[in-house]
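FYI, the numbering just counts along the sequence from 1. Values below: all heavy atoms of this structure, side chains included; hydrogens, waters and symmetry mates excluded.
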Amino acid sequence: MSPFTSYMDLAMDEARAAAKRGEVPVGAVLVDAEGRVVARDGNRTRELSDPTAHAEVQVLRAGCAAAGSERLPGFDLYVTLEPCPMCAAAIANARIARVYYGAADPKSGGVAQGPRIFSHAQCHHVPEVYDGIGAPESEALLKEFFAGRRA
């Protein structure tokens with residue numbers, strides 16, 4: 001078995017780029033079973049005038065397009081913030097193998113908080129979930145972004 005490689009640093013790069021665009025700083029990276037980065041992006045809801053253009057959805061769309069399939073078994077998703085319920089449902093529908101996320105999201109999370117999408121009987125696929133990876137850096141970026149908005 002090959003050693004674990006985290007792609008959270010790339011997700012953080014995407015989160016920082018999202019913040020520079022005026023988007024909530026969330027970044028995501030999609031990695032195939034061979035460890036190749038298939039897609040990476042950040043939130044683009046404002047840029048695209050699309051409430052579904054969360055970082056996770058952006059990379060799932062790109063990954064599915066590249067694979068020519070609506071399912072991505074064996075793929076890993078790295079995201080800087082706990083996925084919201086919409087993104088968690090999309091992750092389950094795409095059959096993602098593993099989700100690694102940074103900061104918990106008590107207000108809008110859908111994995112360990114709130115509706116806990118992967119725990120529902122209606123959830124047909126439950127990925128392995130690993131939380132807290134790079135959480136301090138992600139939390140700091142989010143706090144800095146929102147503090148700037150409130151100033």
Side-chain angles (χ1 to χ4, degrees), residues 4-33 35-67 70 72 74-120 123 125-151:
F4 173 74
T5 300
S6 176
Y7 295 84
M8 194 60 78
D9 57 337
L10 299 179
M12 283 302 303
D13 289 345
E14 294 297 333
R16 285 188 283 274
K20 287 179 183 168
R21 294 191 301 271
E23 303 278 358
V24 174
V26 178
V29 175
L30 184 66
V31 180
D32 71 12
R36 293 181 296 244
V37 173
V38 174
R40 53 187 284 182
D41 208 343
N43 278 356
R44 293 185 183 274
T45 59
R46 292 186 173 133
E47 175 187 343
L48 300 176
S49 300
D50 180 355
T52 69
H54 290 196
E56 301 95 319
V57 171
Q58 293 296 102
V59 299
L60 289 175
R61 286 176 177 155
C64 287
E70 77 281 13
L72 300 167
F75 283 62
D76 293 347
L77 178 67
Y78 291 80
V79 61
T80 58
L81 182 65
E82 177 183 354
C84 74
M86 174 188 71
C87 291
I91 290 164
N93 283 318
R95 307 301 197 263
I96 295 296
R98 285 165 293 280
V99 175
Y100 301 89
Y101 70 84
D105 189 353
K107 182 178 175 189
S108 300
V111 176
Q113 319 285 328
R116 296 179 170 96
I117 296 299
F118 301 141
S119 299
H120 280 263
C123 186
H125 171 77
V126 178
E128 294 175 31
V129 176
Y130 302 92
D131 63 350
I133 298 174
E137 187 178 6
S138 180
E139 290 167 4
L141 181 61
L142 287 157
K143 286 178 183 174
E144 178 184 323
F145 177 82
F146 285 113
R149 291 280 192 242
R150 293 183 190 106

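Every residue two or more places apart in sequence or in another chain that forms a salt bridge (charged side-chain N to carboxylate O under 4.0 Å, His left out) with E47 is listed here: R21, R44. The side-chain contact (heavy atoms from CB on, under 4.5 Å) search around E128 returns R98, Y130, not counting sequence neighbours. With sequence neighbours excluded, the residues forming a side-chain contact (heavy atoms from CB on, under 4.5 Å) with D32 are E34, R36, V38, F75, listed by chain and number. Judged as a ring pair (Phe, Tyr, Trp, His ring centres under 6.0 Å), and not counting sequence neighbours, the contacts of Y78 are Y7, Y100. Checked against side-chain contact (heavy atoms from CB on, under 4.5 Å), A55 has the following partners two or more places apart in sequence or in another chain: V26, A28, N43.
Here the side chain of S138 pairs a donor or acceptor atom with the backbone of T80 at under 3.5 angstrom. The closest donor-acceptor contact from the side chain of E23 to the backbone of T45 lies under 3.5 Å.
Here the closest heavy-atom approach between residue H120 and residue R116 is recorded as CD2-O, 3.4 Å. Of all non-hydrogen atoms in P127 and V99, the two that sit nearest each other are CG-CG2, 3.9 Å.
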Please table the atom pairs, donor to acceptor, closer than 3.5 Å between any side-chain atom in residues 9-19 and protein atoms at least two apart or in another chain.
{"from": "D13", "atom 1": "OD1", "to": "R16", "atom 2": "NH2", "distance (Å)": "2.7"}
{"from": "E14", "atom 1": "OE2", "to": "R40", "atom 2": "NE", "distance (Å)": "2.8"}
{"from": "E14", "atom 1": "OE2", "to": "R40", "atom 2": "NH2", "distance (Å)": "3.4"}
{"from": "R16", "atom 1": "NH1", "to": "E137", "atom 2": "OE2", "distance (Å)": "2.9"}

Side-chain donor-acceptor pairs of residues 86-95 under 3.5 Å, sequence neighbours excluded:
{"from": "N93", "atom 1": "ND2", "to": "A89", "atom 2": "O", "distance (Å)": "3.1"}
{"from": "R95", "atom 1": "NH1", "to": "A92", "atom 2": "O", "distance (Å)": "3.4"}
{"from": "R95", "atom 1": "NH1", "to": "N93", "atom 2": "O", "distance (Å)": "3.3"}

Would you give me the side-chain donor-acceptor pairs under 3.5 Å for residues 104-113, sequence neighbours excluded?
{"from": "D105", "atom 1": "OD1", "to": "K107", "atom 2": "N", "distance (Å)": "3.3"}
{"from": "D105", "atom 1": "OD1", "to": "S108", "atom 2": "N", "distance (Å)": "3.0"}

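For the ring-ring contact (aromatic ring centres under 6.0 Å, His included) condition, no pair includes a residue of residues 37-61, sequence neighbours left out. The list of salt bridge (Lys or Arg N to Asp or Glu O under 4.0 Å) pairs with a residue in residues 49-64, not counting sequence neighbours, reads D50-R61.
Put simply, CD1 on I96 and CG on D76 are 8.0 Å apart, with the number rounded to the nearest 0.5 Å.
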